[in-house]
Structures are given as structure tokens and as C-alpha cells.
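Presented below is the structure to which this report refers.
Letters A, B, ... are given to chains in the order of the sequence lines, protein chains preceding strands, and every chain is numbered from 1. Quick caveat, the model's predicted, so the values are computed rather than measured.
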There are 2 protein chains.
Amino acid sequence: MVTIKEIAKLVNLSPTTVSNVIHGHKGKVSAENYKKISSALKDTNYISNMGARLLGHHGSKIIAVILNFDRRAEVNIVSDPFYDQIIGFLEEEIRKQGYFMMLYTSGSVTESLRLATAWDIEGLIILGSLPDDAKKFIQQQQRPLAFIDTYVDESYMNDDFINVGLQDFQGGYDITKYLISLGHRKIAFFADGDHLIGVDEKRFLGFKQALSETGISFQRKDFFALDYRADKRHAFLREISRNQLKQYTALVFTSDFLAVDAINVFYDNGIKVPRDFSITGFDHNIFSEQIRPKLTTIGQNVNQKAVLAVDYLVERIQSKHVGRKINILLNTELIVQGSTAKPSEVLP
Amino acid sequence: MVTIKEIAKLVNLSPTTVSNVIHGHKGKVSAENYKKISSALKDTNYISNMGARLLGHHGSKIIAVILNFDRRAEVNIVSDPFYDQIIGFLEEEIRKQGYFMMLYTSGSVTESLRLATAWDIEGLIILGSLPDDAKKFIQQQQRPLAFIDTYVDESYMNDDFINVGLQDFQGGYDITKYLISLGHRKIAFFADGDHLIGVDEKRFLGFKQALSETGISFQRKDFFALDYRADKRHAFLREISRNQLKQYTALVFTSDFLAVDAINVFYDNGIKVPRDFSITGFDHNIFSEQIRPKLTTIGQNVNQKAVLAVDYLVERIQSKHVGRKINILLNTELIVQGSTAKPSEVLP
DNA sequence: CTGTTAGCGCTTTCAT
DNA sequence: ATGAAAGCGCTAACAG
């Protein structure tokens with residue numbers, strides 16, 4: 001663990017000069033000394049001590065990725081396929097930008113802010129935050145914030161944060177319109193839980209918009225809430241597949257995961273897709289590809305989401321540009337595959 | 001950002017005394033002052049500055065999780081379903097143990113060690129490391145190390161590290177024995193790439209052991225290396241399914257992912273499982289459950305792996321217990337599901 | 001262009 | 001039981 005002071009002694013110069021070389025301030029150091037110090041740095045394998053940087057508030061170079069999970073779900077959120085994927089992409093981009101990534105899971109905003117303070121975190125990327133928590137973050141935290149897939153209340157339009165999301169409404173709308181174009185009129189909607197919020201809510205609104213534009217009525221009974229526990233969810237799907245579901249020709253799910261899960265339960269009970277139901281997912285992740293028939297779904301570019309969030313955050317960190325609100329909703333793409341077809345004639 | 005000094009002033013005591021309260025050194029502070037300081041700490045919402053801890057080498061409280069990926073695969077490793085899952089579990093356990101998790105991906109041991117030095121990391125958890133890199137880590141790093149799923153050379157038996165792995169040999173053996181018990185004699189083996197190493201190698205050795213015990217011969221041509229690029233892999237599978245594969249009744253894959261991927265390619269080409277081939281996976285992850293028929297596979301407890309790795313590492317960090325080598329290979333479990341059956345009579 | 005110095009917040013002797 | 005002071009490594013302000 002060689003220090004700046006030691007290097008300074010080694011080359012008979014001051015720590016300041018060494019520091020200047022480390023930071024590439026060529027103008028402040030003679031070419032000769034620059035060279036000498038540079039090679040000393042290499043030879044001794046100098047590694048800067050982040051503690052000293054931290055202590056002097058010279059920038060921790062840490063970006064914290066916060067999984068602000070809904071504690072209702074006792075499952076470890078990082079096992080959710082979407083979060084998995086994006087964490088990988090985030091890590092990659094954070095590293096490329098020269099920062100370090102601290103990963104933290106917490107349902108508590110206060111907890112997360114403690115982390116940020118203790119480590120003098122330079123910026124936060126927040127995943128899975130519901131509007132209420134997002135509000136708390138924005139109000140209580142002055143550090144740069146980037147949300148991913150969070151719909152923040154309009155009243156915060158003037159606040160300083162970044163959000164990178166998806167045109168969930170449009171996605172929900174498009175996929176529903178597609179089903180309608182195939183001839184479906186009896187369509188049910190499935191989501192993860194009863195209380196729709198955030199991306200699921202927008203997808204649902206897009207869905208309803210498509211129906212109402214076409215003059216198709218939608219009632220509460222056409223909405224089905226799925227349990228996050230596999231056994232309960234499966235039992236429920238089995239149950240309704242024998243009863244209520246008979247009246248539908250198409251089923252819209254808020255995620256590929258739920259759609260695939262349902263397809264398999266149906267399969268086990270002799271129900272075939274798309275023969276008996278057309279089924280759609282959302283995300284276009286690996287699940288939609290590793291099933292037969294492949295899922296008709298809404299594609300999104302997860303890598304792009306991660307890169308944009310990190311890049312805007314880093315820009316914000318470096319420019320100290322305050323007061324700029326960035327709210328990007330990326331385009332979606334309808335991916336038509338085998339899980340959808342025209343409604344079979346035998347059905348009403 | 002209230003500091004110890006400020007708290008000290010507030011209660012008219014010295015920073016030292018405040019520090020003692022923070023660390024719960026009850027014996028060194030009068031009960032009265034202890035109380036007074038405690039409440040001041042609460043009232044002011046004191047948050048300790050990690051930079052100062054770092055600088056004084058008082059323990060960074062950081063555990064780094066290193067994804068020591070093989071750079072050959074250009075894909076982002078964190079998108080691999082196994083790594084996804086375990087990262088979530090690791091984060092959870094690290095947090096529970098009162099540490100912070102830094103996530104870092106790198107193919108370079110040197111890079112990883114720089115990180116460890118700069119941050120005064122207290123311990124490293126290393127995923128996906130090949131024996132060569134593991135050797136470098138062990139030789140060059142004096143900090144506590146915990147590998148996950150790494151087979152370290154026997155010559156390092158006396159070194160100080162932790163490894164938590166799986167009885168991969170046994171798993172490969174068991175699943176192959178099961179196929180044999182069903183009557184299969186023509187069995188092919190599929191792995192991710194040509195050069196088997198680490199867990200895949202052990203699984204393969206278990207596989208061969210089961211064959212040879214039963215007097216079934218195995219030749220180089222019965223081994224199939226799969227490309228990590230989906231398009232190449234799929235083309236290859238299509239190709240061989242029309243030719244070489246016809247002579248086999250069972251196909252053993254080193255992972256659920258590869259097995260499921262192949263099943264789908266086969267399905268697209270009119271090949272049914274288990275009618276045409278019995279197929280086995282390895283891992284018992286979500287892929288093996290979200291396909292029909294479900295995969296016969298080898299189960300492992302990923303959460304347990306993560307918890308053990310973290311707990312042993314923390315124990316090692318705290319006890320400063322040097323020179324103890326811990327090498328745990330967790331049990332596997334044969335999970336029999338629908339992807340395997342007796343070989344059909346029509347085949348040779 | 002180079003060097004000196006103060007100070008970031010905390011812990012840890014060492015006195016008292 | 002309490003406190004004073006040194007020191008961890010670095011950067012930035014200031015002086016030369």
C-alpha cells in the first residue's frame with residue numbers, strides 16, 4: 001500500500017505534485033517531472049485510497065443501486081428476472097463510467113438515505129419504487145437520483161430527478177389492439193396483485209383504452225389478480241380455467257413471467273394456446289422465447305434503459321446541473337409470435 | 001451530517017466518550033452520560049462517516065462480490081440465470097450480517113485486487129472463477145476469500161480460503177445412473193463450450209463414471225460442445241438433430257438453460273421429448289419448471305450456497321482465523337420430472 | 001512550476 | 001470515567 005507521500009519522497013518532489021500527476025493536470029507539472037512521477041506510480045503499483053477521498057468529500061465514486069422493493073412480497077426481489085437482467089447492465093455501465101456500484105435492497109427510504117450519507121454516495125439509481133417512496137426520495141435527498149420504471153406524481157414535475165421508463169400505456173394499448181384486430185372481443189386482464197400501480201397500472205390503462213375505443217366493455221370481473229406465491233397462483237389459475245375463463249378468448253398478462261407461468265398451468269390441464277386462448281405477455285425477456293408457442297409480447301430494450309439511467313445520472317453528477325428533470329419513456333415494440341391467433345369459431 | 005465532535009459539544013463531553021457510546025462500550029461511560037449521548041445520537045440522526053473508518057483502517061464493512069467472468073463470452077454474465085439468483089441471495093445475507101456489498105465484474109484478477117485495496121475491502125466473494133484465476137487470487141490476496149463453485153487445485157489444500165460448491169460429480173453420476181436405470185444405453189453429453197473445466201468438468205466426469213460402471217462406452221463423438229451465441233447454437237442443434245443425434249436415446253446437458261433451449265429447438269423441428277429423446281438438465285432453476293414436460297434435473301440450494309459463503313466469510317473476517325481452509329460441497333438431489341422416460345422400442 | 005499546510009471524521013493510545 | 005491529541009491519505013488553498 002504505497003502512498004502519495006512515499007512516492008513524493010521517492011522522486012524528491014512534493015505530494016501535491018504527485019497528486020497533480022495522478023489527476024492528469026499536465027499544465028501544473030513540468031514534463032520531466034510528470035514522466036518521472038508517472039513511472040514511479042507504475043513501478044510502485046500505486047492504488048489510491050478511497051477512504052481519503054471520501055473523508056475529504058472529494059467524491060466517493062460510488063453509485064448506489066437501490067432495490068426499493070415492496071415488502072409485501074417476501075420473495076427476494078433480486079430473483080425477479082427483470083431486476084436480474086438490469087442489474088447486470090447497470091453494473092457494466094457504472095463500471096465503464098469509472099464508478100463503483102453498491103447494491104442495496106431495502107423497503108425503507110430512510111435506510112437507503114443512511115447508506116447514501118454514510119458513504120457519501122454520488123448518485124442513486126432506484127429500482128422498483130412506488131410513487132410514495134419516490135416522493136420521499138425526491139423530497140429528502142439532494143443527491144442526484146435516477147429512477148427506473150417509476151411513475152412519479154405530476155406535482156413533482158419541477159423537481160430535480162431522472163426517470164427512465166417505458167411507454168407502458170402504449171404497450172398495453174398496442175398489444176390489446178392487436179388482439180382486437182385478430183377478432184377477439186372477450187379479453188381478460190391479469191396482473192400481479194390487486195392494487196395496480198406504476199407500470200402495471202399504465203399497461204392496464206392502455207389495455208382499457210384499446211377496449212373502450214373499440215366499444216368493448218370491461219368490468220371488474222374481467223380483471224384477475226394473481227398471487228405472488230406460486231402454489232396459490234397455480235391453484236387459482238386451475239380453478240378459474242374451469243369456470244370464469246371459459247367466456248374469454250384472449251388473456252392479457254402484465255409480464256412474460258406470469259403469462260408463461262399460466263400457459264404451463266393451462267397446459268397441465270389440457271388447455272392449449274392459442275387454440276383455447278390467445279395469450280400475451282409483456283417484456284420480451286427470455287421467458288417469452290423459451291416456451292412453445294413463443295409469446296406474443298411487448299419488447300423493451302433493458303440494456304438501453306440501464307445505460308440511459310447511468311449516463312444521465314453521471315452527467316448530472318458531473319455537471320452539477322440542478323433543477324433539470326429528465327423523464328424518458330422508451331418506445332415499445334409489439335412482438336407477434338405464436339401464442340396469439342384468431343379466436344376459434346367454436347367459441348361464442 | 002452531524003459529526004461526533006458536534007455531538008460532543010452538544011452534550012459537553014469529549015468525542016472519545018461519544019465514540020465509546022457509539023460502539024456500545026458501556027463499561028467506559030457512566031450510565032448517565034451513556035443515556036444522554038444515546039439520545040443525542042438519536043435526536044440528531046447521527047450517521048457515521050465511512051470515509052473516516054476507511055482512512056483509519058477500522059474496517060470498511062464492505063464485502064466485494066466479484067464476477068470473475070470468462071471474457072470469451074461477450075455476453076454480460078450477470079444475465080446468466082444462475083448468477084442472477086445467487087447475487088440476490090448474497091446481497092441479502094451480506095446486508096443481514098451488517099456489511100455492504102460492492103458488485104464488480106472483471107475478467108482480471110489484478111483489477112479486482114485493485115478494487116479490494118482501494119476500498120480496504122474486508123472480504124471477497126468470487127463467482128465464476130476458473131482454477132487459474134483462483135490460484136492468482138489465493139496467491140496475491142491476503143484478505144479473506146470465499147469462492148463459489150470453484151474447483152481449486154489440490155496443491156492449495158493448505159491455503160487459507162473458503163469454497164462453497166456442489167457435489168457436481170455426484171450430480172452428474174446420479175442423473176446418468178437414472179437414465180441408465182430407465183434402459184438408456186446411447187447417451188450423448190452436451191456442454192457449454194469445448195474445454196470443460198470447473199463444475200462442468202466434474203459433472204462430465206460423474207457422467208462418464210456412471211457409463212463406465214455400467215460398461216457403456218463413451219467416445220469423443222458422443223460429446224457435443226454448444227456455442228454461447230443463441231443463433232449458432234440453434235443452428236448446430238438443428239443440424240445434428242437430423243443426423244448424428246438419431247443414434248441416441250438420451251441427452252444429458254450441463255445446465256437447465258441449455259436443456260430447455262435444446263428442447264425448444266427440437267420442438268420446432270418436430271422432435272418430441274421424451275418420446276424421441278429423454279433429456280436432462282442440471283440446476284433445477286426456474287427454467288426446468290417453466291417448460292413442458294418439466295425437466296428431470298439435479299437440484300441444488302442456491303440460497304444455501306450464498307448464505308454459507310457469506311457466513312463463513314464473515315466468520316473468517318471477524319475471527320481473523322487464518323490458515324483454515326473450508327471446502328464445502330453441498331449435496332445434490334435428483335429431481336425426476338417428465339423429460340425422461342424409457343427409451344422407445346422403435347429405436348435400436 | 002513546486003511546496004507547505006490545514007483539514008476532512010473517526011479511533012486509539014495515553015494521560016489524567 | 002473522561003479527555004487531549006496524533007494519525008490515517010488525500011486534496012485544495014495558498015505561498016513562493
So B:Gly27, base contact, sugar-phosphate only, or nothing? Heavy-atom distance under 4.0 Å.
sugar-phosphate
Residues B:Arg143, B:Asp120: salt bridge by 4.0 Å N-O rule
yes
Where the side chain of A:Ser48 is defined as all heavy atoms beyond and including C-beta, which of C:dG3, D:dC10, C:dT11 is the nearest nucleotide?
D:dC10
What contact category does A:Thr3 fall into here, base, sugar-phosphate, or nothing, at under 4.0 angstrom with non-hydrogen atoms?
sugar-phosphate
Distance in angstrom units between A:Leu55 CG and D:dA12 C1', rounded
14 Å
Does B:Lys305 make a cation-pi contact with B:Phe89, if we ask for NZ or CZ under 6.0 Å from the ring centre and within 45° of the axis?
no
Starting at CG of B:Asp120 and ending at C1' of D:dG9, how long is that distance when rounded to a whole Å?
12 Å
Between B:Thr16 and B:Gly56, which is nearer to the 5' end of DNA chain D once each is assigned its nearest nucleotide?
B:Thr16
Under 4.0 Å between a side-chain N or O of B:Ser19 and OP1 or OP2 of C:dT11?
yes
Using a 4.0 Å heavy-atom cut-off across all strands, classify B:Asn20 as base, sugar-phosphate, or nothing.
nothing
Comparing nearest nucleotides in DNA chain C, the 5'-proximal residue of the pair B:Tyr46, B:Lys28 is B:Tyr46
Side chain of B:His57 - closest among D:dG9, C:dC8, C:dT11
D:dG9
Nearest-angstrom distance from the residue atom CE of B:Met1 to P of C:dC8:
13 Å
Residue B:Ser30, side-chain heavy atoms: nucleotide from D:dT11, D:dC8, D:dT2 that is nearest
D:dT2
Kindly point out which of D:dC8, D:dA12, C:dT11 is positioned nearest to the side chain of A:His58?
D:dA12
Side chains of B:Ser30 and B:Asn33: donor-acceptor distance under 3.5 Å anywhere?
yes
Among C:dG3, D:dT2, D:dC10, which nucleotide sits nearest the side chain of A:Thr17?
C:dG3
Euclidean distance, atom CE of residue B:Met50 to atom C1' of D:dC8 [Å, nearest integer]
15 Å
Between A:Leu13 (CG) and C:dT2 (P), how many Å, whole number?
7 Å
Tell me: NZ of A:Lys9 to P of C:dG3, nearest whole Å?
14 Å
Measuring from B:Lys61:NZ to B:Ile317:CD1, what's the distance to the nearest 0.5 Å?
8.0 Å
What distance separates B:Asp160 CG from B:Ile138 CD1, expressed to the nearest 0.5 Å?
9.0 Å
Length of the CD-P vector between B:Glu6 and C:dC10, whole Å:
9 Å
Can you find a side chain N or O atom of B:Asn49 that sits less than 4.0 Å from OP1 or OP2 on C:dC8?
no
Mind checking if A:Leu54 touches a base, just sugar-phosphate, or nothing, with heavy atoms under 4.0 Å?
nothing
With a 4.0 Å cut-off on heavy atoms, is B:Ile22 in touch with a base, just the backbone sugar-phosphate, or nothing at all?
nothing
Of the nucleotides D:dC10, C:dG9, C:dT4, which has the atom closest to the B:Ala52 side chain?
C:dG9
Rounded interatomic separation in angstrom, taking NZ from A:Lys26 and C1' from C:dT2
18 Å
Is any side-chain N of the basic residue among B:Glu32 and B:Lys36 closer than 4.0 Å to the acidic one's carboxylate O?
no
Considering only side-chain heavy atoms of B:Arg53, which listed nucleotide, C:dT2, C:dT11, D:dT11, is closest?
C:dT11
